[in-house]
Amino acid sequence: MQESWQVLLKQEIANQYVHNSQEWVDLNISTSGLLNLTIVSDRFINLSIPQRKEESFNLLKSQVPHLSPGFISLYTLQEAESLNLSAPQAFNTASVKTWQDLAIQAANPQNQPQLPQREPSLPRTVTFYSFKGGVGRTTALTHVASILAMRGLKVVAVDLDLEAPGLSTAFNLKPQPKYGIVDYFYERSYLPEGIEPSISIAEIFGEVRIPNATGRLFVVPAGCLNLDYVSKVDDLHATTIIDGDQNLWSVFKREIYEQLKPDIILIDSRTGINQWGALSLIQAADEAIIFLFPNEQNKQGIELLIQSLQWVKNLSINFVFSAVPDVTEIGLSKVKQIWYSLLNRLNTVTNENYETDEDEPDLDNSQTPIEKLLVVPYLLPIALADSYPVQGIQDYYTKIANLIDEKTDELKRSNVLNTIDQRWNIIESLQFPEVNAADQRQDLNLLFQRTTDFERFLDDTTCLIRGRKGTGKTGLYWLFLKHKNVAQKLAHGRLDKTIFLSAHGRFQKSRPSRDEFQIIHQNLQHNSGTWEAFWRAYLLLRCHHENLFNFPKGKKGAKFSELKKIINNLPIERWQSECTQALLLLSTNCGME
């Protein structure tokens with residue numbers, strides 16, 4: 001990463017004035033751009049104050065011509081000792097707790113040490129943040145939390161939107177716990193030393209019951225909305241230090257882990273730049289999922305956020321465009337432009353490998369796959385709902401859940417496999433029954449287990465399954481076609497309204513032979529047809545054979561007359577050359593596609 005001008009300036013000043021361990025330089029840039037500089041060096045011996053300033057100003061102007069000097073202090077070693085001046089202490093990362101801390105830190109990269117990588121630990125904390133309100137942040141959290149619980153994870157959702165709380169209402173949490181996190185924080189902030197708090201961690205959360213979930217979902221509300229709540233929120237400070245060197249969040253996280261042993265903590269953060277948003281992102285988050293509407297106001301706010309967070313080490317950042325009114329190709333073009341611009345800004349401040357051009361993003365050739373773009377459309381059932389999650393629309397939030405689930409799964413595996421002895425104990429304990437996916441009599445329950453990979457497979461973006469011989473493709477094929485009840489049981493109802501169709505696999509007796517596929521391939525090449533068009537035609541034919549649709553009658557059906565002539569009289573029981581010729585006609589005739 002190219003060094004900033006601040007770093008280079010401090011290095012040049014040190015080269016000129018620091019020649020032993022007693023001499024030192026302290027350089028700080030204010031957030032308004034003023035330079036405050038202290039130099040302690042015996043180079044100033046025999047130089048008057050005006051001479052010292054002239055020399056230092058000339059050096060500054062040669063390095064940064066447009067820099068505005070603020071406070072400039074220039075001393076010899078003897079003068080500094082008489083004034084009890086000492087060199088600045090090393091930067092303490094634990095002292096960064098507010099947006100102001102971040103702003104000062106971002107303006108002064110020259111004072112940032114090489115920070116050690118923080119070891120990730122469970123439970124991972126994921127903060128749902130938005131610069132502006134009304135972008136579906138809380139709605140997304142409720143759906144993602146329920147999806148993760150359905151997958152077997154133990155999830156704790158925390159409402160830190162203290163000035164406009166609503167998470168417990170969104171979940172329709174009944175009964176409500178007696179206290180909330182505001183009561184918990186307030187008591188620990190103002191209790192005299194040595195006095196045990198009366199509000200325990202067990203009294204500030206409730207459980208959301210999710211039918212058929214193999215995991216559990218707990219909600220920590222902000223508190224009961226009354227005048228006492230208003231008074232406490234106004235009097236609370238997110239930076240309060242308690243129990244020695246611990247802050248409010250670290251105490252809460254420790255106690256909630258001791259009580260519930262969760263896999264994931266999801267935080268519903270306050271919007272904008274404020275103390276509770278700072279706590280949610282700076283002190284608490286291992287990962288930030290930032291929600292925004294695709295407009296310039298949100299873009300500028302998130303760019304400021306990225307600039308502020310550039311020194312928060314190991315914070316993973318992802319963007320979700322939410323309540324997008326137009327998700328057609330034309331409507332998404334602006335979303336893509338803003339997305340690539342934000343990735344480019346993230347790349348600039350963190351040196352992550354997102355190579356884009358901010359002014360003219362190459363939407364087709366960007367090194368960031370477009371599949372990673374996360375978009376939630378404007379959904380009327382969401383807008384009209386009184387509580388969440390809303391059944392039938394969870395798939396819109398599956399990609400976000402996959403993002404969280406995958407990283408949590410990796411962390412779990414790394415923790416489990418942390419020691420050599422533990423790894424060998426696990427490996428030696430494994431037992432595998434003898435199974436054969438190609439055997440149609442095989443008990444499919446022995447072949448398939450519900451994992452995070454299975455959830456990702458059910459994502460509606462999955463369009464192709466690849467794998468080497470013996471990896472289970474045939475077993476998956478028979479699972480959905482021959483054993484639909486097993487597949488539906490594994491999917492917990494997500495496949496109840498799904499229709500399964502076989503292409504050219506062995507499930508269908510009427511299918512093209514290998515020789516016919518050779519003919520199809522040659523014909524497509526000769527007539528500029530595509531395999532994509534062929535498989536669309538094949539799907540149409542299969543749906544027609546399975547009576548999944550009927551052509552309209554009367555005037556509405558007139559435009560389908562040519563299509564009906566081609567497929568209506570084709571044999572169903574046995575594949576014949578007429579079927580192949582019909583598919584080729586549909587694949588190569590533009591009017592038929």
Side-chain angles (χ1 to χ4, degrees), residues 328-330 332 363-365 369-371 437-440 457-484 487 495 498-593:
T328 64
E329 185 174 351
I330 295 175
L332 286 177
L363 303 185
D364 295 322
N365 299 317
I370 196 64
E371 291 78 13
D439 185 354
Q440 299 181 33
F457 169 74
L458 293 178
D459 190 341
D460 59 6
T461 61
T462 302
C463 57
L464 179 66
I465 302 297
R466 296 189 303 169
R468 295 182 179 180
K469 185 175 178 60
T471 54
K473 299 187 301 300
T474 302
L476 196 64
Y477 178 75
W478 288 114
L479 172 70
F480 289 101
L481 292 169
K482 195 81 172 179
H483 304 273
K484 289 188 288 187
L495 299 175
T498 303
I499 297 171
F500 302 101
L501 289 173
S502 170
H504 65 287
R506 285 178 293 159
F507 185 79
Q508 286 284 354
K509 293 181 180 178
S510 174
R511 58 195 177 98
S513 65
R514 180 173 298 182
D515 292 338
E516 283 168 313
F517 270 110
Q518 292 282 357
I519 296 171
I520 292 168
H521 177 64
Q522 294 171 4
N523 200 292
L524 289 176
Q525 285 187 318
H526 184 264
N527 293 290
S528 301
T530 66
W531 280 106
E532 182 182 0
F534 172 82
W535 288 117
R536 281 204 304 266
Y538 196 101
L539 175 62
L540 176 67
L541 183 61
R542 283 290 183 221
C543 290
H544 184 62
H545 283 175
E546 297 289 338
N547 294 317
L548 297 178
F549 74 90
N550 293 309
F551 289 111
K553 296 180 180 180
K555 291 183 179 179
K556 291 184 179 180
K559 61 181 178 180
F560 298 104
S561 58
E562 291 297 322
L563 186 59
K564 287 191 286 186
K565 288 179 184 178
I566 295 174
I567 67 173
N568 263 349
N569 297 318
L570 292 177
I572 297 176
E573 299 299 327
R574 185 165 173 265
W575 192 272
Q576 296 183 15
S577 60
E578 293 94 324
C579 299
T580 302
Q581 293 304 316
L583 291 182
L584 288 172
L585 180 60
L586 292 173
S587 306
T588 56
N589 187 325
C590 294
M592 294 293 116
E593 287 189 5

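In this text the structure is predicted, and so the values were computed from the model without any measurement. In what follows, residues are counted from 1 in the order of the sequence shown.
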Mind running side chain to side chain contact (heavy atoms under 4.5 Å, CB included) on Asn527 and Leu584 for me, showing each step along the way? CA-CA 9 Å; Asn527 293 290; Leu584 288 172; over 6 Å; no

Among all residues two or more places apart in sequence or in another chain, which pass the side chain to side chain donor-acceptor pair (under 3.5 Å) test with Thr328? Asp326

List for me each residue that meets side-chain contact (heavy atoms from CB on, under 4.5 Å) alongside Glu532, sequence neighbours excluded, and say none if there are none. Thr530, Arg536

Test side-chain contact (heavy atoms from CB on, under 4.5 Å) applied to Glu546 - qualifying residues, sequence neighbours left out: Leu501, Gln508, Leu548

Under the side chain to side chain donor-acceptor pair (under 3.5 Å) test, residues paired with Thr498 that sit two or more places apart: none

Of the non-hydrogen atoms in Ser587 and Ala533, which two are nearest, and what is the gap between them? O-CB, 3.6 Å

Glu516 side-chain N/O to Ser513 backbone N/O, donor-acceptor pair under 3.5 Å: yes

How would you list, by chain and number, every residue that makes a ring-ring contact (aromatic ring centres under 6.0 Å, His included) with His544, sequence neighbours excluded? Phe549, Phe551

Using the test side chain to side chain donor-acceptor pair (under 3.5 Å), find all partners of Gln581 that sit at least two apart in sequence or belong to another chain. none

Gap between atom CH2 of Trp531 and atom CD of Gln525 - 0.5 Å precision: 9.5 Å

Donor-acceptor pair, Asn523 side chain versus Ile519 backbone, under 3.5 Å? no

Write down the atom of His545, the atom of Pro571, and the distance for their closest heavy-atom approach. CE1-O, 3.7 Å

Nearest-0.5 Å distance, CD1 of residue Ile566 to CZ of residue Phe560: 13.0 Å

May I ask you to test the Leu563-Leu540 pair for a side-chain heavy-atom distance under 4.5 Å? yes

Could you grab the distance from atom OH of Tyr538 to atom CG of Leu583, nearest 0.5 Å is fine? 7.5 Å

Between Phe500 and Phe480, how do the two ring planes meet: parallel, tilted or perpendicular, split at 30° and 60°? tilted

Atom CG of Asp515 and atom CD1 of Ile520: how far apart are they, to the nearest 0.5 Å? 11.0 Å

The criterion is salt bridge (Lys or Arg N to Asp or Glu O under 4.0 Å); which residues satisfy it with Lys559, sequence neighbours excluded? none

